[in-house]
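One structure below.
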2 protein chains.
Amino acid sequence: MGVTIKDVAKSAGVAPSTVSRVLADNPRISPATKKRVRKAMKDLGYHPNVNARSLVSSSTQTIGVVMPSSADKALQNPFFPEVLRGISNIAHDLEYSLLLSTGDSEDTILEAVKRMVYGNRVDGVILLYSRLRDRVTEFLYEKEFPFVIIGKPSENMDSISHVDNDNVQAAKEITGHLISLGHSRIGFIGGSKDLAVTLDRLSGYQSALQQAGLPIQEEYLVHTEFLKSGGRKAVHELFKLSQPPTGLVIADDLMSLGVVNMLEEFGLYVPEDISIVSFNDVYLAEITRPPLTTVDINIYELGVHACKCLVEKVKDSSEPAKRIIVPFKIKYRSSAAKREQT
Amino acid sequence: MGVTIKDVAKSAGVAPSTVSRVLADNPRISPATKKRVRKAMKDLGYHPNVNARSLVSSSTQTIGVVMPSSADKALQNPFFPEVLRGISNIAHDLEYSLLLSTGDSEDTILEAVKRMVYGNRVDGVILLYSRLRDRVTEFLYEKEFPFVIIGKPSENMDSISHVDNDNVQAAKEITGHLISLGHSRIGFIGGSKDLAVTLDRLSGYQSALQQAGLPIQEEYLVHTEFLKSGGRKAVHELFKLSQPPTGLVIADDLMSLGVVNMLEEFGLYVPEDISIVSFNDVYLAEITRPPLTTVDINIYELGVHACKCLVEKVKDSSEPAKRIIVPFKIKYRSSAAKREQT
DNA sequence: ACGATGTATTTAAACGTTTGTTGATGAGAG
DNA sequence: CTCTCATCAACAAACGTTTAAATACATCGT
């Protein structure tokens, strides 16, 4: 149906291979013929068939992007469009396409990833999450297929390229902020304990408390889903305590919204009664009431670096595994306030 | 590198073509050989090469998904992950892959779409937006390439398959809700006038006013970006009027947040001073303060139907253009309240 | 005027499939 | 015991590229 390299060749009066070399701008072809062939291509409206090219070169110029299972409603999180924007812009610049993959369970995702990899559909994969004992990660790792994780690998850290923030440090600093505002009873609300990001943020939180000589209280720790219901549950647990916290470190902006919301039902207001700080600085963090004091983790840049890093690895497989840390920045807004000493 | 159909053939002692037919479960192959071949495939860990297959069958089992330019920060909108979830689930069931495409301008997107189409990378395309005089739409239409629009085509409505809500009716009903609460000065805040969705919602709003015998006032109409700054601007314009509205119909939940936020800076509260209603029923609508009264447009289903419809068209090109209307449902929450007559 | 050198192009094989056509084998009919 | 007809499997061409190797043709030093 389409016009092929042969048609162009015939029309320009050259061999197909010559057309191919013109396409690749091979110096072995004289400028004169190049011009002639290019004209023929234009006249006929020629466009190369990517499949044929992939078949022989066994490179697809495509990278696979794997989202977490939509069972993790994490997908609702504006994090994804933003990180995709970063990936997509770079991919476009480097002339790569994006093959997307989601699923509603780890199984379907693994299946989809296998299809991508075994079917020769992609040159490399970017994982948009990182969880403990993840079979997708294991699969890619064993197959020695090029991939990059956004987040921190739970195993083989040194041999898996990844792009991450210094979540420990970020958590430490933002917890420190709460402490410096006079809070001493500070709770932590995190996502699933299987997620690397939760663990890091928790550890930073703990280390800040420790450094300030504050006790680490087990009952101030809540792990729950990144969901409204999660936020509700967390608030319920924390505020039935005889000495509930006055400050909260929350692992995700979206959860913060749920918390603010639930707190309000309890007749508690942010930041007058409770101060909260969270992570991500999603678009929303700025427009909610109150605007959230949060850690800007530079989501867009996470995507950008992941994509660049993967393409490097794809182009030169001897490229070593990299660890790229994207800087964060605390955005001081109004969800955290000075604690009136009572 | 990989194990090919020939390796399997050799191992099973048959011809490559036989292996291929076993793959396709062709009845011309006897059960006995099928079994033998299948065993060989399993033993060798065979996986078909998709590119080779695409090359000869000129079908890629892939559908292209085109997002709006990220210059429209619309991308920040949780709409996209949700619609993607719908598309992706169906695609997975039907064994299709998703090739994603964004760009920061109409040009880059068009370029990317051309790469998809000309390069034989996709069998069909889903457009996640619909705007006036869109060159991507024009391109696909002229090329007679299978595609489906989520939203309403601005031209050739009857020959372009699309999945949409009855936005006119939805706007009419939700505006009616405001009217029935006693509001008579009702403003409309919409997105770009180029977007079909804005136009429909505007038209429903107007028709509700008309039907209630209320005047349609030009100064109560604001068109702005789907952004916080947009929300700000809108509020500024509306509330410098001598008779500002008491109710607002807002074309998107996210804008609503901006509006609530800005209103607050003016010392006005929702719903005590101003009632607002909006569209989409994004995850957030429920957890904000106040929870938004909004139209649930069933985003997930939009994706599901778009994907199904496209695959039908791809499989049978004689399939006629379809118009699929996904039902909406108004969620009554607390951002709209009775207007105290003053 | 000669082979040597180099440049510009062509030839042909390969990539891993699918699929129309041909060929072999065996069973049943005459 | 041959002939016909199924049934199953093999052969081979095609899909649109890339690329190593071969070839044609000037150009050059001698």
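Letters go in sequence order (proteins before strands), and every chain restarts at 1.
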Going by distance alone, is a donor N or O of one side chain under 3.5 Å from an acceptor N or O of the other, for A:Ser101 and A:Arg115?
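Result is no, nothing qualifies.
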
For [X] and [N], what is the distance between atoms [atom1] and [atom2] respectively, to the nearest whole Å?
X	N	atom1	atom2	value
B:Asn51	D:dG16	CG	C1'	12 Å
A:Lys34	C:dA8	NZ	C1'	12 Å
B:Ile29	C:dG20	CD1	P	14 Å
A:Ile5	D:dT17	CD1	P	5 Å
B:Leu55	D:dA13	CG	P	17 Å
A:Lys6	C:dT10	NZ	P	15 Å
A:Asn120	C:dT17	CG	P	9 Å
B:Leu23	C:dT17	CG	C1'	9 Å

State plainly whether the residues B:Lys322 and B:Glu312 are in salt-bridge range, i.e. N to O under 4.0 Å.
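A salt bridge is present here (some side-chain N lies under 4.0 Å from a carboxylate O).
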
CA sep, side-chain torsions, deciding dist, call: A:Tyr129, A:Ser69, side-chain hydrogen bond (donor to acceptor under 3.5 Å, both in side chains)
CA-CA 10 Å; A:Tyr129 65 93; A:Ser69 70; over 6 Å; no

Using the closest heavy atom to pick a nucleotide of DNA chain C for each, name whichever of B:Thr18 or B:Ala52 lands nearer the 5' end.
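First, find each residue's nearest nucleotide; the 5'-ward one identifies B:Ala52.
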
Comparing B:Arg36 and A:Thr4 on DNA chain D - which has the more 5′ nearest nucleotide:
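The residue whose closest nucleotide sits nearer the 5' end is B:Arg36.
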
B:Val14 has a side chain; which of C:dT11, D:dA10, C:dT18 sits nearest to it?
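Out of C:dT11, D:dA10, C:dT18, the nucleotide with an atom closest to B:Val14's side chain is D:dA10.
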
Check every atom of C:dT10, C:dT19, D:dT18 against the side chain of B:Ser20 and return the nucleotide holding the closest atom.
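When the side chain of B:Ser20 is considered, C:dT19 is the closest of C:dT10, C:dT19, D:dT18.
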
Base, sugar-phosphate, or nothing for A:Gly119, non-hydrogen atoms under 4.0 angstrom?
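Nothing: the residue A:Gly119, judged by heavy atoms under 4.0 Å, touches no strand.
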
What nucleic acid atoms does B:Ser54 come within less than 4.0 Å of, heavy atoms only: base, sugar-phosphate, or nothing?
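B:Ser54: no heavy atom of the nucleic acid under 4.0 Å.
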
Taking atom CG of B:Leu99 and atom CD1 of B:Ile126, what is their separation to the nearest 0.5 Å?
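Atom-to-atom, B:Leu99:CG and B:Ile126:CD1 are 12.0 Å apart.
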
Determine whether a donor-acceptor pair (one donor, one acceptor, N or O, separation below 3.5 Å) exists between the side chain of [X] and the base of [N].
X	N	answer
A:Ser17	D:dT17	no
B:Ser30	D:dC8	no
B:Arg28	C:dT18	no
B:Arg21	C:dT17	no

Ignoring backbone atoms, test whether B:Ser58 places a side-chain nitrogen or oxygen under 4.0 Å from the OP1 or OP2 oxygen of D:dC15.
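Indeed not, no polar side-chain atom of B:Ser58 lies that close.
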
B:Tyr46 side chain near C:dT17 phosphate (N/O to OP1/OP2, under 4.0 Å)
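B:Tyr46 to C:dT17 OP1/OP2: side-chain N or O found under 4.0 Å.
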
On the 0 to 90° scale, with breaks at 30° and 60°, tag the B:Tyr118-A:His47 ring pair as parallel, tilted or perpendicular.
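Rings of B:Tyr118 and A:His47: parallel, under 30°.
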
